[in-house]
A.B. asks: 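Okay, here's the structure, questions in a sec.
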Number of protein chains: 2
Amino acid sequence: MNTFSEENYLKAIFRLSQMPTVSKISTSAIAEALGNNPASVVDMIRKLTDKQLIEYDKKKGVKLTAHGQKDAIQIIRKHRLWEVFLLEKLEYRWDEIHDIAEELEHIKHSDLADRLDKFLGFPEYDPHGDPIPKANGKMAKSFSASLADGKTGGTYRVAAVRDTSSAFLQYLHKLKISIGTQIRLIEQIAFDQSLVISIDNGEPTTVSSKFVENILIS
Amino acid sequence: MNTFSEENYLKAIFRLSQMPTVSKISTSAIAEALGNNPASVVDMIRKLTDKQLIEYDKKKGVKLTAHGQKDAIQIIRKHRLWEVFLLEKLEYRWDEIHDIAEELEHIKHSDLADRLDKFLGFPEYDPHGDPIPKANGKMAKSFSASLADGKTGGTYRVAAVRDTSSAFLQYLHKLKISIGTQIRLIEQIAFDQSLVISIDNGEPTTVSSKFVENILIS
DNA sequence: TAATAAAATTAGGTTTGCCTAATTTTATTA
DNA sequence: TAATAAAATTAGGCAAACCTAATTTTATTA
Ligand SMILES: [Mn+2]
Ligand SMILES: [Mn+2]
Ligand SMILES: [Mn+2]
Ligand SMILES: [Mn+2]
């Protein structure tokens, strides 16, 4: 069994491997992702290599082995299922669930994820729009198109969020944006790339380019 | 916030303090309860004393402070609520839930216990018949009368179990005994104190004295 | 009371997962 | 290419939570 810490590393490495902008998973990228020191990452790279969960090549960086990938996906599965539970059953808010799921994802018991999955009715997506891996490890592709790539005048459906921080989710909540909301791009301001949008056909609102980059559309 | 390990010590100390047979909570009793070495317990006694969660007196042994008791009860509350969840919602068996709850009880988030409590319909007892502490820390008295103290010829209702090990619970399952089952004491065998009982008016069955000691009646 | 047994404590050590500071290796850029 | 910057690694250390072995304290019993 992997420790709490090993699991967080596997998950971070998996997440980095899914990012199209990241071509090589470096020591420093992992350190950055976890908020740890690069020296600590070197220690863990050694440990996970010994356990055959990753392969490390000075040139190519870190890569999950099949075994490591399988483990990472199971943690993500648990994380996302617990998020659905916390939102739907315990009625937590959108912005509260991630941190609690970050702890719950490490609970280990053979078929806990499967029972939870069944109890929740086999949900396809978590509350942030991320696909929930199936018991066999199969997982739908994540939404990757950003609202930032939308055309002025176009209307788009919010499918997922890229940033899952409380700050961002609380802001979305304030703007009444959630999964399924329709957003029309009215105008882009040349000065700073901020955007004027209409939320569910409401009054025009101005948001930053950083904001729209973190909204994913279907 | 207390660590996982500190919480397990607090819980063990609380449990010992509830046992009428234990007059003084000694280093060795705690070590025994947790399966740790007495030397490790000495370390932790120091730590919990510094945090003002316990008081230690060479003569009187360990005692929880008001603060320590409050923390211990909240952990027990979470443990028992999660057990109800696992049994009723995830359909785990009686003998499977304790170990999973042992992990879940340490998940920390301000109102997780309260939301879970509400979701489960404010249950009074956990699946082993132990009372679930309320949000304010109030807790019904545990059942303490043992079937071993029953009179020959008498019929008693199973209210709780003293031992919560898988081995014991699986045996109960096999004998079709659960909370609410009626047991009649038919005869005590003088040789080894084993007992002949009738379960829900069924055929006579012989069980050991150790067995009946671990069944609590109302 | 003296001998013995049990309990508690101390001393020193290990593993895990982190850190800082120094150094070495690899990339960038003038 | 040489200088500089960035990334990776090494060396050494720390806190938490355990351990074993040795010693001291307290309790029991002959
Ligand atoms: Mn999340
Ligand atoms: Mn985590
Ligand atoms: Mn239990
Ligand atoms: Mn526990």
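Chain letters run A, B, ... following the sequence lines, proteins first, then strands; residues in each count from 1.
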A.B. asks: Looking at the base of C:dC19, is there any donor atom on it, or on the side chain of A:N36, that sits under 3.5 Å from an acceptor on the other one?
C.D. replies: no
A.B. asks: Looking at A:F85 versus A:Y92, is the centre-to-centre ring distance below 6.0 Å?
C.D. replies: no
A.B. asks: Less than 6.0 angstrom from the centroid, inside 45 degrees of the normal: does B:K89 satisfy that with respect to the ring of B:F119?
C.D. replies: yes
A.B. asks: Tell me whether B:E96 is salt-bridged to B:R93, with the criterion being a basic N under 4.0 Å from an acidic carboxylate O.
C.D. replies: yes
A.B. asks: Select from B:A39 and A:S40 the residue whose nearest nucleotide in DNA chain C is closer to the 5' end of that strand.
C.D. replies: B:A39
A.B. asks: CG/B:D117 to CG/B:L81 distance, rounded to the nearest 0.5 angstrom?
C.D. replies: 5.0 Å
A.B. asks: What are the residues of residues 3-29 of chain B, sorted by number, that bring a heavy atom to within less than 4.0 Å of DNA chain D?
C.D. replies: B:T3, B:S5, B:Y9
A.B. asks: Taking the six-membered ring for Trp and the full ring for Phe, Tyr or His, determine whether the centres of B:Y125 and B:F143 are under 6.0 Å apart.
C.D. replies: yes
A.B. asks: Would you mind checking if B:K11 and B:E105 are paired as a salt bridge, meaning a charged N to carboxylate O distance below 4.0 Å?
C.D. replies: yes
A.B. asks: Give every donor-acceptor pair under 3.5 Å between a side-chain atom in residues 20-30 of chain B and any protein atom, sequence neighbours left out.
C.D. replies:
residue : atom : partner : partner atom : Å
B:S26   : OG   : B:S28   : OG           : 3.2
B:S26   : OG   : B:A29   : N            : 3.1

A.B. asks: Rounded to the nearest 0.5 Å, how far does CZ of A:F211 lie from CG of A:L147?
C.D. replies: 8.5 Å
A.B. asks: Nearest 0.5 Å, what's the CD-CG distance between B:E6 and B:L53?
C.D. replies: 7.0 Å
A.B. asks: Which ranges of DNA chain D pair up as stems, where a stem means three or more consecutive Watson-Crick or G-U pairs with both distances under 3.5 Å?
C.D. replies: C:1-30 with D:1-30
A.B. asks: Answer yes or no: is there an ion pair linking B:D114 with B:R77, defined by an N-O contact shorter than 4.0 Å?
C.D. replies: yes
A.B. asks: Reading DNA chain D from 5' to 3', where do the contacts with chain B start and stop? Cut-off is 4.0 Å to heavy atoms.
C.D. replies: D:dA16 to D:dT26
A.B. asks: Salt bridge or not between A:E83 and A:K78? Use side-chain N to carboxylate O under 4.0 Å.
C.D. replies: no
A.B. asks: Measuring from atom OG1 of A:T206 to atom CG of A:L195, what distance do you get when rounded to the nearest 0.5 angstrom?
C.D. replies: 8.5 Å
A.B. asks: Where each residue is assigned the nucleotide of DNA chain C containing its nearest heavy atom, which of A:M44 and B:P38 is assigned the position nearer the 5′ end?
C.D. replies: B:P38
A.B. asks: ring-ring contact (aromatic ring centres under 6.0 Å, His included) with A:Y156: which residues, sequence neighbours excluded?
C.D. replies: none
A.B. asks: Give, ordered by number, those residues of residues 47-64 of chain B having at least one heavy-atom distance below 4.0 Å to an atom of DNA chain D; if nothing qualifies, reply none.
C.D. replies: B:K47, B:K58
